[in-house]
Amino acid sequence: MSERKIHTLSTGLAVASPYYLGEGILKEFPRHLEPFEHDRIFLVTSLPLLDRFGRDFSRMLDGAGIPNRIVTIEEGEANKSWRTLSGLCERLVEAGVTRSSILLALGGGVVGNVVGLAAGLTYRGIRYIEVPTTMMAQTDGALSNKQAINGQAGKNQFGLYHAPLFVWADVAYLRQEPARQIKSAIVEGVKNGLVNDEVWLEVLASYLRDGMETIQERLEELTLDLIRSKLAILAKDPTEKRDAIVLEYGHTFGHAIEWLARGSLYHGEAVGIGMCIAARLSHGLGILSREGVERHYHLLGDLLGTVVELPPGIDPAGVCQVMLADNKRTGPDLRCLLLEDLGRPYRFQGDYLVRVSEREALGAMVRPAGARFGGGAAA
Ligand SMILES: NC(=O)c1ccc[n+]([C@@H]2O[C@H](COP(=O)([O-])OP(=O)(O)OC[C@H]3O[C@@H](n4cnc5c(N)ncnc54)[C@H](O)[C@@H]3O)[C@@H](O)[C@H]2O)c1
């Protein structure tokens, strides 16, 4: 059988890792692992993903004579926790992990984050490979060396930077993802356009106009395009600490909303709602035009069909409280990313994180009765 085409990219980060992407590339994995001496692979995944993909992966390793052991962790945002992390680290040690072992994270962003953090902490840092199985993890999470778990008061409060040996992204996995999850990942692609590239927004809009069926047909191409839309931003700041802060557009509100939604919203869905609020806030402060806000609603609501409104059970005042514990907070105030135009984040005195009052943030979340932007969004 002919070899599958593998695209070789780089995460483009300060500590950059090779990023391999293709469809149906499982058999090619041992060849890419070969340069890295190791005693054993610890394949870490969740129980549902073990049945879906994990056993095949382990069998492929067995077939290639690569010693491996499967370890499962709990999945879901609520389990991106100290409990899961410490449980994993202790079990790895118990199972005989050494400094020459390699962890392999097989799963979505939650598994990737927990395993990346465990790899960064175990014996002060061992190697790991990221095998992202969701579109969110392939196009966003794996293009970041940020590893984190959630705390009692909010998302991603405890973590570190740790780079994988390489990322292994098989588009075949994405074919099993529900449409809602694919849409949630595309939200981050919309964000990359909103903060960096209006032309990319047009390209993405044309994918969306073609509908989900065409997206399935062009899945590998879209995945590559989404990756490139993030790489274009990272190229300006591979450290993820300065200009790449624009990747957090919609995330101050989004993370708080995701936190309060307790699993009923996907990460991208919460970020989409967060971007609509940030756009309204930008407009309310006289920075962004009304058309700019409408474009958010059109892309996210009308074309993508994802959530654009705060769900009824989530109270704006509660969102403010959680935002005050946000991990990017540098003082007692709320600081948000705002847009002055599509593709152009706003800077105040050179800073992308702009101080806003609680009243202004609340005002952007509570819409006056009858107010309507764009074509009204689908839920
Ligand atoms: N480090 C970063 O920069 C970064 C960037 C983006 C997201 N994240 C984090 O990633 C997490 C979200 O990741 P996610 O969206 O991948 O969700 P997830 O990891 O919670 O996975 C969602 C669900 O998808 C299932 N799943 C995984 N692969 C599948 C497949 N191929 N087919 C069918 N089902 C599959 C999982 O079993 C799980 O139930 C959040 O915690 C977010 O904070 C981190």
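Counting starts at 1 for both ligands and their atoms, in listed order. Heavy atoms only: backbone and side chains are in, while hydrogens, waters and symmetry mates are out.
Which parts of ligand 1 touch Lys146 is read off a 4.0 Å heavy-atom cut-off, strictly below it: atoms 1 (N). Applying the 4.0 Å criterion to heavy atoms of Leu49 picks out, from ligand 1, the atoms 26 (N), 27 (C), 28 (N), 29 (C), 35 (C), 37 (O). Short contacts between ligand 1 and Phe53, defined as distances under 4.0 Å to a heavy atom of the residue, involve ligand atoms 30 (C), 31 (N). Listed by number with element, the atoms of ligand 1 under 4.0 angstrom from any heavy atom of Glu77 are 40 (C), 41 (O). Near Glu177, the atoms of ligand 1 lying under 4.0 angstrom from a non-hydrogen atom of the residue are 30 (C), 31 (N), 32 (N), 33 (C). Listed by atom number, the atoms of ligand 1 under 4.0 Å from Lys80 heavy atoms are 9 (C), 40 (C), 41 (O), 42 (C), 43 (O). The Asp140 neighbourhood of ligand 1 comprises atoms 5 (C), 6 (C), with distances under 4.0 Å to a heavy atom of that residue. Near Glu75, with a cut-off below 4.0 Å to any heavy atom, the atoms of ligand 1 are 36 (C), 37 (O), 38 (C), 39 (O).
Looking at Glu188 and Lys230, no side-chain N of the basic residue comes within less than 4.0 Å of a carboxylate O on the acidic one, giving no salt bridge. By the 4.0 Å N-to-carboxylate-O rule, Glu221 lies too far from Arg228 to be salt-bridged with it. Between Arg290 and Glu294 a salt bridge is recorded (basic side-chain N to carboxylate O distance below 4.0 Å). Using a cut-off of 4.0 Å between Lys/Arg side-chain N and Asp/Glu carboxylate O, Lys236 and Asp243 are scored as not salt-bridged. One finds no salt bridge joining Lys241 and Asp237 here, because no Lys/Arg side-chain nitrogen approaches an Asp/Glu carboxylate oxygen to under 4.0 Å. The pair Lys146-Glu248 meets the salt-bridge criterion, with a side-chain N (NZ, NE, NH1 or NH2) lying under 4.0 Å from an Asp/Glu carboxylate O. A salt bridge links Asp56 with Arg59; the closest basic N to acidic carboxylate O contact falls under 4.0 Å.
Shown are Glu258, His255, Glu77; of these, the side chain to side chain donor-acceptor pair (under 3.5 Å) with Asn150 is made only by Glu77.
In this comparison of Gly263, Gly141, Ser144, Ala172, the heavy atom closest to atom 3 (O) of ligand 1 sits on Ser144. Around atom 22 (C) of ligand 1, the closest heavy atom drawn from Met135, Gln176, Arg175, Gln181 belongs to Gln181. Residue nearest to atom 12 (C) of ligand 1, selected from Ser184, Gly109, Gly108: Gly109 (by heavy-atom distance).
Crowding of Arg83 atom CZ: a count of heavy atoms from other residues, nucleotides or ligands under 6.0 Å not exceeding 12. Counted within 6.0 Å of CD on Gln176, heavy atoms from surrounding residues, nucleotides or ligands total more than 12; the atom is thus considered enclosed.
Protein heavy atom nearest atom 21 (O) of ligand 1, with residue, atom name and distance: Thr134 CG2, 4.2 Å. When only non-hydrogen protein atoms are considered, atom 20 (O) of ligand 1 lies nearest to Val110 CG2, 3.3 Å. The protein heavy atom nearest to atom 34 (N) of ligand 1 is Arg52 NE, 4.0 Å. The nearest protein atom to atom 28 (N) of ligand 1, hydrogens excluded, is given as Thr133 OG1, 2.8 Å; this is a heavy-atom distance.
Only the side chain of Asn113 comes within 4.0 Å of ligand 1, counting heavy atoms alone; its backbone N, CA, C and O stay farther away. At a heavy-atom cutoff of 4.0 Å, ligand 1 is contacted by no atom of Tyr266, backbone or side chain. Only the side chain of Met136 comes within 4.0 Å of ligand 1, counting heavy atoms alone; its backbone N, CA, C and O stay farther away. When heavy-atom distances to ligand 1 are checked against a 4.0 Å cut-off, Gln147 has no atom that comes that close, whether in backbone or side chain.
Using a non-hydrogen distance threshold of 4.0 Å, Lys155 registers as a contact of ligand 1. Residue contacts with ligand 1: Glu188 is excluded, as none of its non-hydrogen atoms falls under 4.0 Å.
Among residues two or more places apart in sequence or in another chain, the side-chain contact (heavy atoms from CB on, under 4.5 Å) test is passed with Val354 by Leu338, Tyr346, Phe348.
Ligand 1 has no nitrogen or oxygen under 3.5 angstrom from a nitrogen or oxygen of Lys230.
Judged purely by atom type and a 3.5 angstrom limit, Trp200 has no side-chain atom pairing as donor or acceptor with the backbone of Gly343.
Put simply, Val190 and Met135 are part of the same group of oily side chains (I, L, V, M, F, W, Y) that touch within less than 4.5 Å, one to the next.
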